[in-house]
Amino acid sequence: MKRPALKWRQTKWLCGYALYLALAGVPLAGLACAQSPSAPHQRSPQTPQSSSNPKGQIARELEVDNERHPQYEFKKHGAIEYTRGEDYRLTLDVYEPEGEGPFPAVLAIHGGAWRSGSKITMLRHAWKLASAGYVVVAINYRHAPEHKFPAQIHDCKQAVRWMRKHASQYSIDPDRIAAFGYSAGGHLAALLGTTSAEGQLEGPGETTGNGQLSARVQAVIAGGAVCDFSWIDPESTLLKYWIGATRETDPAAYLAASPIHYISKEAPPFFFYHGKKDAIVPFSSAERMHRKLTEQGTPSKFIPVAGKGHLATFADIQQIEACIDFLRQHMPARGTKAEGNSHRQAASLEPTAREDN
């Protein structure tokens with residue numbers, strides 16, 4: 001006997017409740033995969049092979065990549081302050097490849113429902129990207145409910161300006177900066193890619209002296225990302241801690257937080273990946289944004305990750321490989337060649353080859 005189907009209103013409420021509970025747990029998934037390494041932060045083929053050693057697991061994964069990507073040793077510069085206010089001080093970590101720069105760079109933005117999490121949850125991604133020849137800047141940003149939207153995107157833009165201001169110090173190519181985030185971090189990365197015009201969530205850049213520098217990024221990777229909020233029930237208080245209102249009482253606020261709302265022909269290439277079994281962030285949210293980008297001719301790729309949910313997709317190392325392939329196409333590291341037309345390529349919607357049993 002089949003169970004009665006849920007009404008759409010009930011389904012939206014359940015999705016929203018899952019978003020509240022599980023997105024806040026995204027940082028735990030990151031810590032389960034990797035923990036903060038001790039200095040110096042370099043790959044080492046001598047790392048013990050025990051599966052209980054997360055550093056060893058990452059090192060083995062890096063070694064497997066030797067034939068796919070040029071491998072770089074890298075060093076970490078930790079806990080660097082990039083902005084501050086009256087009641088906050090924000091830091092970032094820089095993973096800098098060794099060798100002759102400058103290198104293309106990636107801003108790594110953690111998840112956690114905009115209310116929790118840390119830059120350390122992007123450690124596994126940072127190690128992989130840095131070993132492939134990208135300077136990775138992993139940031140902390142202000143959390144709700146103490147700091148409501150748009151504080152989080154203001155901090156991300158400050159971080160991009162900081163990267164340009166300190167480009168020569170950390171071997172960053174200031175003309176090639178990508179944004180990479182998962183879950184709430186994917187939402188913020190997508191906002192970075194679409195809000196580049198003056199007055200579009202730029203924030204008080206003058207507070208740190210970086211206000212004259214651009215916060216524009218040249219590529220975006222958004223995993224498990226919320227790209228619009230039309231699926232949130234208008235009466236739901238689910239995101240009131242972050243937005244400050246319900247969608248019914250302040251629809252303009254939810255629209256302002258939606259990356260899809262800002263799409264223009266100025267948008268950079270996008271790469272989306274999303275678990276087909278994601279019960280936290282609607283699969284259709286990122287898919288709609290991907291289609292809207294492609295309709296206007298912006299390079300966009302969307303990978304539905306078969307057989308995986310929200311947290312499993314974040315932890316799936318295969319997706320990091322796909323991200324590196326995307327960056328190689330649009331922002332190739334030194335010693336690699338761009339694959340295809342990096343400016344305008346045919347959009348694709350393709351599944352991954354592997355499914356969970």
Side-chain angles (χ1 to χ4, degrees), residues 27 36 76-96 105-123 125-126 129-130 134-218 220 241-244 256-257 259 262:
S36 178
K76 176 183 175 182
H77 311 274
I80 303 168
E81 179 182 303
Y82 74 93
T83 189
R84 67 164 61 199
E86 293 183 0
D87 59 346
Y88 65 92
R89 172 182 174 271
L90 299 175
T91 61
L92 53 76
D93 296 335
V94 179
Y95 300 81
E96 179 187 1
V106 178
L107 178 70
I109 311 168
H110 70 79
W114 309 280
R115 69 184 303 166
S116 65
S118 164
K119 52 186 167 59
I120 195 63
T121 64
M122 299 300 287
L123 175 65
H125 303 74
L129 289 164
Y134 294 88
V135 179
V136 182
V137 176
I139 63 168
N140 287 332
Y141 54 82
R142 284 175 286 174
H143 291 156
E146 183 180 0
H147 300 282
K148 291 181 170 54
F149 181 83
Q152 295 75 32
I153 186 61
H154 287 172
D155 295 340
C156 291
K157 293 199 173 194
Q158 279 294 84
V160 176
R161 295 184 187 106
W162 182 94
M163 291 169 72
R164 290 200 161 98
K165 182 177 182 180
H166 298 274
S168 60
Q169 185 176 353
Y170 297 104
S171 303
I172 294 171
D173 181 344
D175 296 323
R176 294 193 295 164
I177 296 177
F180 177 20
Y182 191 85
S183 196
H187 162 263
L188 294 171
L191 271 181
L192 274 177
T194 53
T195 58
S196 58
E198 184 178 353
Q200 290 186 331
L201 305 177
E202 289 301 296
E206 67 276 8
T207 58
T208 60
N210 298 335
Q212 300 304 311
L213 297 174
S214 172
R216 184 184 294 271
V217 294
Q218 283 66 57
V220 173
Y241 73 91
W242 176 54
I243 297 291
Y262 299 96

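Please read these numbers as outputs of a predicted model, since none were measured by experiment. In this chain, numbering begins with 1 at the start of the sequence shown.
- Here the side chain of Arg115 pairs no donor or acceptor atom with the backbone of Trp242 at under 3.5 angstrom.
- Applying the side chain to side chain contact (heavy atoms under 4.5 Å, CB included) test to Glu81 and every residue at least two apart in sequence or in another chain returns Arg84, Arg89.
- A donor-acceptor pair is defined here as one N or O able to donate and one able to accept, closer than 3.5 Å; such a pair exists between the side chain of Tyr141 and the backbone of His110.
- Using a 4.5 Å cut-off on side-chain heavy atoms (C-beta onward), Leu213 and Trp162 make no contact.
- Just one of His187, His143, His147 meets the side chain to side chain donor-acceptor pair (under 3.5 Å) condition when paired with Trp114; it is His187.
- For the pair Ala113 and Ala184, the tightest heavy-atom approach, listed with the atom from each and the gap, is N-CB, 3.7 Å.
- Remark: Glu96 pairs with His77, Ser171 by the side chain to side chain donor-acceptor pair (under 3.5 Å) rule, at least two apart or across chains.
- Here the shortest heavy-atom pairing between Val217 and Gly193 reads CG2-CA, 3.9 Å.
- With sequence neighbours excluded, the residues forming a side chain to side chain contact (heavy atoms under 4.5 Å, CB included) with Ala105 are Val135, Met163, Ile172, Ile177, listed by chain and number.
- Remark: Ala178 engages Val106, Ala219, Leu327, Met331 in a side chain to side chain contact (heavy atoms under 4.5 Å, CB included) (not counting sequence neighbours).
- Counting all heavy atoms, side chain and backbone alike, Ala159 lies closest to Leu107 at CB-CD1, 3.8 Å.
- The two residues Ala257 and Phe149 have their closest heavy-atom pair at CA-CZ, 3.5 Å.
- The shortest side-chain heavy-atom distance between Ile139 and Leu90 does not fall under the 4.5 Å cut-off.
- The side chain to side chain donor-acceptor pair (under 3.5 Å) with Thr195 is formed by just one residue from the set Glu202, Lys157, Arg216; it is Lys157.
- Looking at Thr83 and Arg161, their side chains never come closer than 4.5 Å, going by heavy atoms from C-beta outward.
- Residue pairs satisfying the salt bridge (Lys or Arg N to Asp or Glu O under 4.0 Å) criterion with at least one member in residues 182-193, sequence neighbours excluded, are absent.
- For the salt bridge (Lys or Arg N to Asp or Glu O under 4.0 Å) condition, the pairs that include at least one residue of residues 145-155, sequence neighbours left out, are Arg142-Asp155.
- His125 approaches Phe180 most closely through the heavy-atom pair CD2-CZ, 3.5 Å.
- With a 4.5 Å cut-off on side-chain heavy atoms, Val220 and Leu192 do not count as touching.
- Closest of all the heavy-atom pairs between Ala108 and Met122 is CB-CB, 4.1 Å.
- Checked by atom type and distance alone, the side chain of Tyr262 pairs as donor or acceptor with a backbone atom of Ala256 at under 3.5 Å.
- In this structure, His166 contributes its side chain and Tyr82 its backbone to no donor-acceptor pair below 3.5 Å.
- Looking only at distances, no side-chain donor or acceptor of Asn140 sits under 3.5 Å from a matching main-chain atom of Ser118.
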- Full working for side-chain contact (heavy atoms from CB on, under 4.5 Å) between Leu191 and Leu201: CA-CA 9 Å; Leu191 271 181; Leu201 305 177; 4.2 Å; yes
